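Quick note on labels: first sequence line is chain A, next is B, and so on, each numbered from 1. Here the structure is a predicted model, which is why all the values come from computation and not from measurement.
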There are 2 protein chains.
Amino acid sequence: MAARHEEIAEELRRAIDREDYTVGSLLPAETELAAHYGVSRGTVRQAIAALTTEGLIGSRQGARRVVLAGRRSQSFTELCSFAQWAHAMGREATGHVVSSAYHPATPEDSERLQLPLGTRVLHILRVRGLGGRRVLLERTVYADWIAPAVERIEPECPSVTQRLYEDEGLVFAYGEYLIDAVAAGAQDAELLGVRRTSPLLRVRRVTTTRAGRPVEWSEDRYRSDAVSFSVHNSTGNNALARKTGPAMS
Amino acid sequence: MAARHEEIAEELRRAIDREDYTVGSLLPAETELAAHYGVSRGTVRQAIAALTTEGLIGSRQGARRVVLAGRRSQSFTELCSFAQWAHAMGREATGHVVSSAYHPATPEDSERLQLPLGTRVLHILRVRGLGGRRVLLERTVYADWIAPAVERIEPECPSVTQRLYEDEGLVFAYGEYLIDAVAAGAQDAELLGVRRTSPLLRVRRVTTTRAGRPVEWSEDRYRSDAVSFSVHNSTGNNALARKTGPAMS
DNA sequence: AGGCCCAACTTGTTCAGACAAGTTCATCGG
DNA sequence: CCGATGAACTTGTCTGAACAAGTTGGGCCT
């Protein structure tokens, strides 16, 4: 948080959060903000660009900027780490390893983790709870180079992400998420405590380091009555995309 | 597409798409790109910033940039408009209005569309097909100021978004999407041709103009075997956020 | 009252330069 | 052989300036 433009972005976020600027109202002009914070216009633009990609602010050339939304989105860390997300909400997250085993990488594993076919990768099935309720089933595959560190973590550890950071200095930097819905199978139903065929939100994701090296990929199944996902989008910043399923191709 | 930095961004996207730069490889340095395109470093940075928020490229201070992904994400227009999305894939989209009626705005409508309570808003239920298959159920609520223009559109019009642009010059600029899973109800099952209780992907969304004025909000239910959503995310650009459902609060 | 036009304002684009901070790699010394 | 050092390289941050392009609102004319 050293950079001045990040400080300014954070101040603006907070100002929006406490409704100094209410939704629908206009933000001060760039030149005013620049004068107020004692920086150049370029620095203010950098700060504002961040809020724009977060979907908090709308921009049109010639007109003052508009506050679009009040809630601030979570940090990437909170998205990656179930436990840190829970903590930010003041809730307690639990984790429980159901099974853990090495398998040779399938073509799918190989492509997603960018590893040679047949490399021994670590499959882990975890049940995760939020405030005492089972909420999420994680079927994760870890790349071979991080698997030993994952194995050393105790089965009930609430935050694997945090442990990997503390022990290995590993930080997640990029992720791709594919979201759809599936009916709960027999194992899903038993482990999550829901009826078979009840709808689950399925998130398939790949997470990579800052250098672009894939660390893990996972198929997560959420109880749809407990968790949902939200996305901000705009012209010029479209993180979200619709895709046809396998049945359509 | 007048701006030079957008042209450069587009050229880089295409270069990545045709694998001049393969996934995992390094991009040329800023100074090289600047020299190559005959622009200043700042302009190259703007172009690259776009690719970064799209998740195509990873950045770390001091090290060359890495190509993270090959596929380019869809434009915001394609996300907003079912028909334009289908068209971009070379498929045909259909639309069919099942019901259409005015109702006084509920507190929910009022908040999402930023209209006074009780304003007469237009509720429309549409079934949408892709390549001859029914795939999506749209329950949309239009703000009063755009409702007359929507009513004038014929019931079988495949692209409402495009018609609103042609007739009214209306463009969608910002959207917020809330994604979860639900079981198909009796009406859903009949209109989509699936079994009751089969899982559907539910997307609740609000769309606004460039000026931040809400135009419509909608609850869309997709056949989960036909459509899914994908999101790119990274530190510094987190459009995606996880939320607890109503059952958890 | 209604419509038109222009001036003031605001954001978008681009440049050139300077320094800070992190990475990479080759070289040197143990 | 291995580790440490440092120079070269690369990205991040910030400034100050200038012009382009779009929006807004007030004043003027009909």
Side-chain angles (χ1 to χ4, degrees), chain A residues 1-12 21 24-53 56-68 169-171 173-174 209-213 234-237, chain B residues 1-12 21 24-53 56-68 169-171 173-174 209-213 234-237:
Chain A
M1 176 62 70
R4 194 79 181 94
H5 71 85
E6 280 188 15
E7 284 176 24
I8 294 172
E10 189 50 38
E11 275 195 53
L12 289 173
Y21 305 118
S25 69
L26 301 178
L27 227 56
E30 281 178 7
T31 49
E32 287 176 52
L33 288 172
H36 180 273
Y37 290 110
V39 297
S40 76
R41 197 163 73 105
T43 305
V44 169
R45 281 176 77 65
Q46 244 177 312
I48 283 178
L51 303 206
T52 304
T53 66
L56 293 179
I57 280 179
S59 248
R60 306 135 68 199
Q61 184 172 108
R64 288 268 273 265
R65 274 176 260 252
V66 185
V67 178
L68 290 176
L170 182 73
V171 289
Y174 305 102
T209 64
R210 272 201 287 260
R213 192 179 194 192
S234 67
T235 55
N237 172 45
Chain B
M1 175 63 73
R4 193 82 183 93
H5 70 85
E6 280 187 14
E7 285 176 23
I8 294 172
E10 189 51 37
E11 275 195 53
L12 289 174
Y21 305 119
S25 69
L26 301 177
L27 227 55
E30 282 179 6
T31 49
E32 287 175 51
L33 288 172
H36 180 274
Y37 291 110
V39 298
S40 77
R41 211 185 122 210
T43 304
V44 169
R45 280 179 130 292
Q46 265 184 95
I48 282 177
L51 303 206
T52 305
T53 66
L56 293 180
I57 281 177
S59 249
R60 307 134 68 199
Q61 184 172 110
R64 288 268 270 265
R65 273 174 260 252
V66 184
V67 178
L68 291 175
L170 183 73
V171 288
Y174 305 102
T209 65
R210 272 202 288 261
R213 192 179 193 193
S234 67
T235 54
N237 172 44

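In this structure, the NE2 atom of H5(B) is 14 Å from the C1' atom of dC15(C), given to the nearest Å. dT10(C) atom C1' lies 10 Å from atom CD of E32(A), rounded to whole Å. The interatomic distance linking I8(A) (CD1) with dT13(D) (C1') rounds to 12 Å, in whole Å. Computed from coordinates, the I57(B) CD1 to dT11(D) P distance equals 10 Å when rounded to whole Å. Residue L51(A) contributes atom CG, which lies 15 Å from atom C1' of dT11(C) at whole-angstrom precision. Between E30(B) atom CD and dA18(C) atom C1' the separation is 15 Å, expressed in whole Å. In this structure, I48(A) atom CD1 and dT13(C) atom P are separated by 14 Å, rounded to whole Å. When rounded to the nearest whole Å, the span between CZ of R65(A) and C1' of dT23(D) equals 14 Å.
Taking only side-chain atoms of E6(B), from C-beta outward, the nucleotide of dT23(D), dT11(D), dT13(C) with the closest atom is dT13(C). Checking dT24(C), dT11(D), dC14(D) against every side-chain atom of A3(A), the shortest atom distance belongs to dC14(D). Side chain of T43(B), nearest nucleotide from dC15(C), dT15(D), dT13(C): dC15(C). Of the candidate nucleotides dG22(C), dT13(C), dT10(D), dG22(C) has the atom nearest to the side chain of Q61(B). In the set dT24(D), dT15(D), dT10(C), dT15(D) carries the atom at the smallest distance from any side-chain atom of S40(A). Taking the side chain of R45(A) as heavy atoms from C-beta on, and the options dC15(C), dT13(D), dT13(C), the nearest nucleotide is dT13(C).
Partner Y21(A) forms a side-chain contact (heavy atoms from CB on, under 4.5 Å) with one of L56(A), L12(A), L26(A) and no other, that one being L12(A).
Within the model, atoms CG of L51(B) and CD1 of I57(B) stand 4.5 Å from one another, a figure rounded to the nearest 0.5 Å. Atom OG1 in T31(B) sits 13.0 Å away from atom NE2 in H36(B) (nearest 0.5 Å).
Counting atom types as modelled, R4(B) pairs no side-chain N or O with a base atom of dG12(C) as donor and acceptor under 3.5 Å. Scanning atom types as modelled, no donor and acceptor separated by under 3.5 angstrom connect the side chain of R210(B) and the base of dG22(D).
Residue Q46(A) is in sugar-phosphate contact alone, with no base atom involved, counting any heavy-atom pair closer than 4.0 Å across all strands shown. Residue contacts for R41(B): at a heavy-atom cut-off of 4.0 Å it reaches a base atom on one of the strands shown.
The two residues A29(A) and R64(A) come nearest to each other via the heavy atoms N-NE, 3.8 Å. Summarising the geometry of R210(A) relative to R60(B), their closest heavy-atom pair is O-CD, 3.4 Å, with the distance given to 0.1 Å.
Map V44(A) and R60(A) each onto its nearest nucleotide of DNA chain D; the residue landing nearer the 5' end is V44(A). In terms of position along DNA chain D, the nucleotide closest to G62(B) lies nearer the 5' end than the nucleotide closest to the other residue of the pair G38(A) and G62(B). Each of R64(B) and S59(A) has a nearest nucleotide on DNA chain C; the 5'-most of these lies closest to S59(A).
With 3.5 Å as the limit, one finds a donor-acceptor pair spanning the side chains of S59(A) and R65(A).
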